[in-house]
Amino acid sequence: MSAGIGTAEDVAAEAARRRTFAVISHPDAGKSTLTEALALHAQAIEQAGAVHGKAGRRGVRSDWMDMERSRGISITSSVLRFEFGDTLLNLLDTPGHADFSEDTYRVLAAVDGAIMLLDSAKGLEAQTLKLFDVCRHRGIPVITFVNKWDRPGREPLELLDEVEQRIGLHPAPLNWPVGIAGDFRGLIDRADGSYTRFRRTPGGATRAAAERVPADRAAAEEGQAWVTANEELALLEEIGAVLDMEAFAAGSCTPVLFGAALPNFGVSALLDTVRRLAPAPSARTDAAGHARPVTAPFSGQVFKVQAGMDRAHRDRLAFIRVCSGRFERGATLTHAPTGRPLATKYAQTVFGRDRSTLDAAYPGDVIGLPNASGLTVGDTLYTKTPVTFPPIPAFAPEHFMVARVKDNSRAKQFRRGIDQLDSEGVVQVLRSDLRGDQAPVLAAVGPLQFDVFTARMADEFGAPVELSRLDYTTARITDKESAETLDGRRGVEVLTRTLDGSYIAVFVDKWRVRAIEREHPDLTLTPMLAAGVPD
Ligand code: G4P
């Protein structure tokens, strides 16, 4: 690939071999284990000790804050890159804790597909449902992996039924387990009927011993488990549970695979499915509704801004998803919101905790730009032909606090910290003339966001804060005219978001919203994207 680097053909070919995706799951379903298993099967490009065996697993997670470590939660995101045959996989990490769903949402704005990971004993759990809603909202195609099949769990047909009934996603199993959960023998590939038998290897964290077994031998050796699996397969044919690629791309059908990440059963089939079925980066629609093809000059969108990711790099890193064109380190990009030029001499890749210099990137890749002050989540960057991508919508906050600086002599640091953490999306910052800038309202999806805010205000900005709770639970997007009607009513307050100046009405409860809506049906009260089950 020496000639033609950066040409439309080069960019199209590089984009076509990329798969940029995330794993969505409930905590404990096995996301870390699966990530390690994927890295083991594929070839992790940046080895650098970032993907450890089970014992060193915490090493994959960032340790930028003691809080994060002590609570065993991962707040920061990173990107893992694997090579699988000719395919290049970018796996974007999402925070594990439900309180940081908003971060997850931003990461999901940067992927082309997702793996929905289910625990075979638990099926669809709360956090998976929420995250799936985000995928649905963004039209992200989802591949389902039913994990922990080596442990007692539920019936496979029952799990499929749950996916269909609860989230309306038509399941199309690509393989089928022989042996019930807990007595896992192997997988039948539905495409060609071939049977792969698994045997546990001592220690688990290595490739499972997988053996292709001809059907007649399998029938003799697996006994009743084989008969049952084949009866179930016949039933699947009868009900037409087959993959419809169009429906998959539209987000209404999900290919389903069974396996167990820990003993490495069925992980290569999952990788192969991601390679074959997950969409490659494609044209992105800009804010004006025009599609920008991947071969257009460079464009990208900031989906995350993270400061102080670890002690060795106490800086501010903007994560940019490449949407079109070839990125070259050193190129000057234009920052769409301000028209200002942006230097990229220090562009990096971010792999687990490790960073290395990035020289070039293609659609689907993620660039880390350190010390890129002035970059906010959602910002577009481009070269040559201008473009602005639609903003990444914010989740509806459900928790509200008033923040005040403890020591008035730190007022300047307080304001700087507030602006910074607002632009990173650590919390949403709302204000009103009545409250003034010395007492902004912080809005969050999960209360842990306030802990991160408080810790960082003290540690990074030297401005310890005092938070006091407000009794609001619900927010709606409103406008100036409606704000005039709402002002002064009991149980409602209208604030403006500092980031974009939009009007947000906050209410003590949903009943108050409904009562006001009934009384004034002409008011603008638009629900925000719900982090949880819709109101
Ligand atoms: P998470 O990132 O989604 O939170 O889950 P994680 O991978 O940490 O897995 C949660 C637990 O489930 C871990 O056990 C892990 O070993 C186990 N697990 C994951 N995949 C499988 C599987 O396919 N089969 C079986 N049997 N177990 C699986 P733990 O005891 O909670 O964690 P640890 O203390 O062993 O690290």
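Counting starts at 1 for both ligands and their atoms, following the listed order. Heads up: numbering here begins at 1 and tracks the sequence.
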N or O contact, G30 vs ligand 1, cut-off under 3.5 Å: yes
Region of D150 that comes within reach of ligand 1 [heavy atoms, distance under 4.0 Å]: side chain
Which of the ligand 1 atoms, numbered from 1, are nearer than 4.0 Å to a heavy atom of D28: 1 (P), 3 (O), 4 (O), 5 (O), 10 (C), 12 (O)
Part of A260 within contact of ligand 1 (heavy atoms, under 4.0 Å): both
Numbered atoms of ligand 1 (with element) below 4.0 Å of K31, judged on heavy atoms: 1 (P), 2 (O), 3 (O), 5 (O), 7 (O)
Identified side chain to side chain donor-acceptor pair (under 3.5 Å) partner of T228 from the options Q224, E232, E231: Q224
Per-residue contact class, K148 against ligand 1 - non-hydrogen pairs under 4.0 Å: both
Pairs meeting criterion salt bridge (charged side-chain N to carboxylate O under 4.0 Å, His left out) with involvement of residues 169-190, two or more places apart: D183-R185, R185-E222, R190-E237
Whether W226 and Y195 hold their rings parallel, tilted or perpendicular, with breakpoints at 30° and 60°: perpendicular
salt_bridge(K122, E162) N-O dist < 4.0 Å: no
Where ligand 1 meets P27 - atom numbers and elements under 4.0 angstrom, heavy-atom basis: 4 (O)
Spacing of NZ belonging to K304 relative to CG belonging to L375, to within rounding of 0.5 Å: 14.5 Å
Shortest non-hydrogen contact between F145 and A261, atoms and distance: CE2-N, 4.4 Å
Location of contacts on A29 toward ligand 1, heavy atoms closer than 4.0 Å: backbone
Distance, nearest 0.5 Å, that separates CG of L421 from CZ of F453: 6.0 Å
Any N or O of L34 closer than 3.5 Å to N or O of ligand 1: no
Ligand 1 versus N147: contacting region, heavy-atom distance under 4.0 Å: side chain
